[in-house]
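In listed order, ligands and their atoms are each counted from 1. Numbering of residues begins at 1 and proceeds along the displayed sequence.
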Amino acid sequence: MACPIIFVPQFYLMQIQPNVHFDDTEVAFSYKSDKELRKANFIFSIVNHPAISSVATGLAKLGLVLHLPVKGLIKATVFEHFCGGEDIAQSERTIQTLNRFHVGTILDFSAEGAHTEEGFDRTTEEILKTLDKAKDNPAIPFTVFKSTGLVSIDLLTRVQSKEPLTADEQEAFQHFQDRVGKICAKAHAYDVPVMIDAEDSWIQNPIDELAYEMMKKYNQQRAIVFNTYQMYRRDMLDNLRNAFHMAAMHNYYLGAKMVRGAYMEKEAERAEKMGYANPIHPSKPATDDSFNKGLVFCIDNKQRVSLMCGSHNEYSNQYLALLMDKHSMKPNDPRVWFAQLLGMSDNISFNLAKAGYNVAKYVPYGPVELVMPYLIRRAAENTSVAGQSSRELTMIRKELARRKNGK
Ligand SMILES: Cc1cc2nc3c(=O)[nH]c(=O)nc-3n(C[C@H](O)[C@H](O)[C@H](O)COP(=O)(O)OP(=O)(O)OC[C@H]3O[C@@H](n4cnc5c(N)ncnc54)[C@H](O)[C@@H]3O)c2cc1C
């Protein structure tokens with residue numbers, strides 16, 4: 001029977017005391033030495049300023065293109081903060097450090113730019129290596145991949161728009177399906193859950209279809225394959241409900257990674273250019289509401305749904321913890337996980353982990369040059385829009401002050 005809290009309007013829930021708090025910076029940064037924290041302060045101070053951030057990222061890109069000796073500098077600063085290393089072996093230190101604080105690692109091969117069949121095969125092999133690393137390894141509770149590392153965006157776009165495919169394209173699409181099939185089969189054989197990231201709305205349908213095919217095959221005993229739900233999309237609550245009904249109809253478990261969505265600007269631009277309605281909710285509160293309703297839906301249907309909440313939003317994380325409590329779920333109930341990105345929202349990750357919740361961090365890795373687009377996105381995300389310090393910077397400075405005064 002569903003807990004009545006899910007029918008309570010959100011404004012009322014806002015007044016309920018959360019059962020987990022994220023303002024303890026000592027817990028948040030306990031895994032960082034003073035030196036590492038000072039470095040984090042330096043990095044976030046740079047990215048906080050729009051002008052400095054844009055000059056620095058521009059110079060870094062240029063330096064790499066011209067083969068100037070900037071790699072060492074990038075590696076020792078932003079790369080080290082946001083990434084595990086250039087390969088799985090180099091990420092070991094991060095894996096162990098997070099694990100000491102009961103935070104799991106999700107190895108995320110973040111090299112972007114594979115465009116050929118050989119490149120897609122190499123990416124597939126790398127994802128398979130993350131599964132080998134995760135096998136029987138409690139420090140790595142999940143794995144992940146992006147479909148656009150395994151197939152071209154153009155082809156996915158053509159498949160979604162139902163354009164007739166040439167024989168070569170049909171073969172390439174079959175290769176993509178085979179690659180995903182191989183990854184999910186191995187995930188199932190190793191009993192390691194695998195999440196499929198969500199991408200642009202105009203390529204998402206074939207990814208979804210394949211994800212459900214894989215769930216039907218491999219989610220018979222528990223959720224091994226997770227699809228991702230971008231709750232900034234206006235159709236996404238319905239998609240989530242439909243996915244659940246499909247799982248119920250075919251008697252498998254639904255693995256749901258819930259995120260707000262990362263490609264809002266691209267979505268709006270394309271919709272305007274091509275003259276269709278923007279698929280994204282019209283406002284941030286509308287996205288927030290959709291996200292929180294999605295959490296309610298998953299917890300309400302926890303008998304069949306396993307949830308990974310991928311968010312840096314404090315309210316949503318507290319709301320989920322509260323929902324679990326109202327449903328008498330233990331914090332470490334294996335059906336619910338919380339995840340953030342390495343180098344961000346440590347206050348959420350480490351405080352949740354300390355309170356006993358299941359937490360993991362995406363740990364991106366890959367050659368510095370190929371991870372640059374990922375790093376640039378992180379820099380943009382942490383750039384101040386109104387001249388204020390970003391939340392990360394505020395937290396880091398609070399902890400630096402605490403350590404200075406406390407010692
Ligand atoms: C572990 C993890 C995995 C992730 N995986 C994916 C993935 O597979 N695919 C993907 O797309 N993203 C993914 N993301 C990124 C995610 O979608 C968000 O972009 C990011 O986490 C910021 O949202 P938030 O919930 O943390 O919080 P917030 O900072 O509270 O929300 C910011 C988000 O709100 C939405 N938003 C902001 N302004 C508006 C507006 N005016 N109108 C409507 N909506 C608005 C946007 O989605 C924006 O990103 C992942 C994030 C994490 C932490």
**OP:** Evaluate the criterion side-chain contact (heavy atoms from CB on, under 4.5 Å) for residue pair Met264 and Tyr232; output intermediate values, then yes/no.
**Re:** CA-CA 8 Å; Met264 200 172 70; Tyr232 67 4; 4.0 Å; yes
Subject >> Closest to atom 45 (C) of ligand 1 among Arg391, Met264, Lys361 (heavy-atom distance) >> reply: Met264
Original post:
How are the rings of Phe173 and Phe176 set relative to one another: parallel (under 30°), tilted (30 to 60°) or perpendicular (over 60°)?
Top reply: tilted
**OP:** Give the contacting part of Tyr263 toward ligand 1: side chain, backbone, both or neither, where contact means a heavy-atom distance below 4.0 Å.
**Re:** side chain
Subject >> Residue and atom name of the nearest protein heavy atom (relative to atom 9 (N) of ligand 1), distance in Å to one decimal >> reply: Ala198 O, 2.9 Å
Subject >> atom 27 (O) of ligand 1: nearest protein contact (heavy atom, Å) >> reply: Asn313 CB, 3.6 Å
**OP:** Could you name the option among Asn227, Asn317, Thr287 that has the heavy atom nearest to atom 35 (C) of ligand 1?
**Re:** Thr287
Original post:
Which value, rounded to the nearest 0.5 Å, describes the distance between Thr94 atom OG1 and Glu80 atom CD?
Top reply: 8.5 Å
Original post:
Counting only N and O atoms by type, is there a donor-acceptor contact under 3.5 Å from the side chain of Glu163 to the main-chain atoms of Arg158?
Top reply: no
Subject >> Proximal ligand 1 atoms for Ser283, defined as those under 4.0 Å from one of its heavy atoms >> reply: 40 (C), 42 (N), 43 (C), 44 (N)
Original post:
Would a distance-only check, ignoring hydrogens and angles, find a side-chain to backbone donor-acceptor pair under 3.5 Å from Ser345 to Asn347?
Top reply: no
**OP:** Return a yes/no value for Tyr232: is any of its N or O atoms, backbone included, closer than 3.5 angstrom to an N or O of ligand 1?
**Re:** no
**OP:** With the side chain counted from C-beta on, respond yes when Gln221 and Tyr253 share a heavy-atom pair under 4.5 Å apart, and no when they do not.
**Re:** no
**OP:** Indicate yes or no: does an N/O atom of Gly310 lie under 3.5 Å from an N/O atom of ligand 1?
**Re:** no
**OP:** Starting from atom 18 (C) of ligand 1, find the nearest protein heavy-atom neighbour and note its residue, name and distance.
**Re:** Gly261 O, 3.8 Å
Subject >> For atom 28 (P) of ligand 1, the option (of Lys257, Glu267, Lys284) bearing the nearest heavy atom >> reply: Lys284
Original post:
Does Ala262 reach ligand 1 with a nitrogen or oxygen that is under 3.5 Å from one of the ligand's nitrogen or oxygen atoms?
Top reply: yes
**OP:** Ignoring hydrogens, tell whether any protein atom lies closer than 4.0 Å to atom 22 (C) of ligand 1; use the non-hydrogen atoms only.
**Re:** no
Original post:
Looking only at non-hydrogen atoms, which of Phe226, Trp337, Tyr362 approaches atom 3 (C) of ligand 1 most closely?
Top reply: Tyr362
Subject >> Of the listed options Val259, Thr228, Ile196, closest to atom 4 (C) of ligand 1 (non-hydrogen atoms) >> reply: Val259
Original post:
Closest non-hydrogen protein atom to atom 53 (C) of ligand 1, residue and atom name please, with distance?
Top reply: His312 NE2, 3.5 Å
Original post:
Tyr31 vs Phe350 aromatic rings, parallel, tilted or perpendicular, using cut-offs 30° and 60°?
Top reply: parallel
Original post:
Hey, which atoms in ligand 1 end up nearer than 4.0 Å to a heavy atom of His281?
Top reply: 42 (N), 43 (C)
Subject >> SB check Lys293 Asp289 (cutoff 4.0 Å) >> reply: yes
Subject >> Sub-4.0 Å protein heavy atom next to atom 43 (C) of ligand 1 >> reply: yes
**OP:** Compute both the distance and the angle, then confirm whether Arg260 meets the cation-pi test with Phe291: under 6.0 Å from the six-membered ring centre, within 45 degrees of the axis.
**Re:** yes
Subject >> Ring centroid separation Tyr365 to Phe109 under 6.0 Å >> reply: yes
